[in-house]
There are 2 protein chains.
Amino acid sequence: MNDSGRSTGSAAGSKRKDALRNQQTLLDAAAAVFVTSGVEAPVRDIATKAGVGTGTIYRHFPTRADLIIAVYRHQVEACAEAGPDLLTTSPTPHAALEQWVDLFVDFLVTKHGLAAALRTDSCGFETLHAYFLDRLLPVCTRLLDAAAASGEIRPGIDAYQLMRGIGNLCIGAENDPRYDARHLVALLVAGLRQPS
Amino acid sequence: MNDSGRSTGSAAGSKRKDALRNQQTLLDAAAAVFVTSGVEAPVRDIATKAGVGTGTIYRHFPTRADLIIAVYRHQVEACAEAGPDLLTTSPTPHAALEQWVDLFVDFLVTKHGLAAALRTDSCGFETLHAYFLDRLLPVCTRLLDAAAASGEIRPGIDAYQLMRGIGNLCIGAENDPRYDARHLVALLVAGLRQPS
DNA sequence: AAACGATACGGAACGCTGTTCCGCTTTGGC
DNA sequence: GCCAAAGCGGAACAGCGTTCCGTATCGTTT
């Protein structure tokens, strides 16, 4: 259960009690602020909400990406683990892919600005990008391979491009009632099908 | 030829000569800086490049959107005007749509950060968003309607969503060799086709 | 139990943004 | 040549991320 040795975020062992407590307080505060103000909320807001100084945030989470990852780690893990399951429980690989993509889109769309943050080129976010890729790309690849093997989709697209495309389509989806990211993603996945 | 009365940017008449000259200098400088640093380049950079003070920029272009619009107006107009032409010269409406989308994507992809700026919710960019919509949405609608009338595409998607989707897919396309926005957009447009 | 070194904390301070504002300069009609 | 009006420059302000260091707290050691 002890996840010491993680590269990002929260090593559990060998820390002072108050530090661990603060870390948890910070995670809770960040989660709350992310819901209301999005993942790009000012650092000071999160610090204030947690009742700590700004320096404390940076000690626990050197970059904003580390904080975001720590907050959403569980959900990303769940999404990653759902992939293989869907592959066994779905009638066809393409159906599994569709369902998994739905899961991913739901996750992105419900987190204000997460999709946008994933795309930001500005420094400090490559870690976030890398984490999502590390964790989800293998899953997506496997689903895509399975669908390709069963002849349901045409070749020529790799999982990286698909995931970036999906992520991009989810940008700004939460603020625009006229824009339905799920629909467009569904269209994109439909475009993957073998024409025959 | 005189576009006085435009809501955005540069009215030509009734200005002092030096002001007009500065406006042009500013446009040239902005165009140059946009190429190297993207459309989100610091205002001071543009001012320095043009050899003027920052106040001068804000007098001519109250918001950054106004400046961007002024710089790219010609190309947006060209894109808008190409729509009807393509409809008459292409074999099918869907082919016209494909070509027009290519045009639009090429435009977005070659301008650093333009697609991202179009999506930004932060204040000051709604004008940019609105300009693109005002100018290009009718064109896209007409192409879409023609394709729908000929039975080539399935209904259920409106031009607004399509354009937002295309814009989103173009975000970050210039900095990632592994990401091919054109390909994904093509896939999306392919997903529009009537399955039969 | 008291003292002490290590650890962590808070928030002031810095640098970089956009944006505004006002004293000074330039222009163009008289 | 003169003078109001128009325009200009850049200092000044505000909001952000990030760093840094004096101070407070913790856990261990005597």
Side-chain angles (χ1 to χ4, degrees), chain A residues 4 9-30 33-34 36-68 112-113 116-117 120-128, chain B residues 4 9-30 33-34 37-68 113 116-117 120-128:
Chain A
S4 64
S10 44
S14 72
K15 289 256 183 89
R16 255 165 56 173
K17 263 184 229 150
D18 58 342
L20 285 174
R21 182 162 28 86
N22 260 330
Q23 181 157 321
Q24 189 56 48
T25 306
L26 234 21
L27 278 177
D28 295 343
V33 173
F34 285 174
T36 58
S37 309
V39 295
E40 308 241 35
V43 176
R44 282 170 178 82
D45 288 1
I46 301 170
T48 301
K49 178 93 179 180
V52 304
T54 55
T56 303
I57 285 200
Y58 283 96
R59 189 163 323 96
H60 287 289
F61 307 100
T63 76
R64 183 185 225 85
D66 295 321
L67 182 54
I68 298 175
H112 287 186
T120 301
D121 311 318
S122 103
C123 54
F125 280 89
E126 319 83 18
T127 314
L128 186 61
Chain B
S4 64
S10 42
S14 71
K15 289 259 184 90
R16 257 166 54 174
K17 261 184 230 150
D18 57 342
L20 285 175
R21 181 162 28 85
N22 260 330
Q23 182 157 323
Q24 189 56 49
T25 307
L26 234 21
L27 278 177
D28 295 342
V33 172
F34 285 174
S37 308
V39 296
E40 308 240 35
V43 176
R44 281 168 178 82
D45 287 2
I46 301 170
T48 303
K49 179 94 178 179
V52 305
T54 55
T56 304
I57 285 199
Y58 283 95
R59 188 163 322 95
H60 287 290
F61 306 100
T63 76
R64 184 184 226 85
D66 295 321
L67 182 54
I68 298 176
T120 300
D121 311 316
S122 100
C123 54
F125 279 88
E126 319 83 19
T127 314
L128 185 61

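In the text below, chain A, chain B and the rest are named by the order of the sequence lines, each starting its count at 1.
With D:dG7, C:dG18, C:dG10 as the candidates, the nucleotide lying closest to the side chain of A:Val52 is C:dG10. For A:Pro42, taking side-chain heavy atoms from C-beta onward, the closest of the listed nucleotides D:dA11, D:dG17, C:dA8 is D:dG17. Closest to the A:Tyr58 side chain, of the nucleotides D:dG9, D:dT18, D:dG27, is D:dT18.
Rounded to a whole Å, the CZ atom of B:Phe125 is 11 Å from the C1' atom of C:dG18. In this structure, B:Arg21 atom CZ and C:dT26 atom P are separated by 12 Å, rounded to whole Å. For the pair A:Glu40 CD and D:dG17 P, the computed distance is 9 Å after rounding to whole Å. Following rounding to the nearest Å, B:His60 (NE2) and D:dG9 (P) show an atom-to-atom distance of 9 Å. If you take CG of A:Asn22 and C1' of D:dC26, they are 13 Å apart, rounded to a whole angstrom. If you measure from atom CG of A:Asp18 to atom P of C:dT7, you get 13 Å, rounded to the nearest angstrom. In this structure, B:Ile57 places its CD1 atom 9 Å from P of C:dG18, rounding to the nearest Å. For the pair B:Arg16 CZ and C:dG28 P, the interatomic distance rounds to 7 Å; values are reported in whole Å.
Side chain of A:Thr36 to main chain of A:Val33: a donor-acceptor pair is present (N/O by atom type, distance under 3.5 Å, no hydrogens or angles).
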Would you sort out whether A:His60 and A:Thr56 count as a side chain to side chain contact (heavy atoms under 4.5 Å, CB included), showing the intermediate values? CA-CA 6 Å; A:His60 287 289; A:Thr56 303; 3.7 Å; yes

Applying side chain to side chain contact (heavy atoms under 4.5 Å, CB included) to B:Ile46 and B:Leu67, what does each step give before you reach the verdict? CA-CA 11 Å; B:Ile46 301 170; B:Leu67 182 54; 4.0 Å; yes

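Within the structure, a side-chain polar atom (N or O) of A:Thr56 is placed less than 4.0 Å from OP1 or OP2 of C:dG10.
Counting atom types as modelled, B:Arg44 pairs a side-chain N or O with a base atom of C:dG18 as donor and acceptor under 3.5 Å. Interface remark: the A:Arg59 side chain does not form any donor-acceptor pair with the C:dA8 base, using a distance-only criterion of under 3.5 Å.
B:Ala29 and B:Lys49 make their closest contact through CB-CG, 3.7 Å (heavy atoms, listed as atom of the first residue, atom of the second, distance).
For B:Arg21, the side-chain contact (heavy atoms from CB on, under 4.5 Å) criterion is met by B:Asp18, B:Thr25, not counting sequence neighbours.
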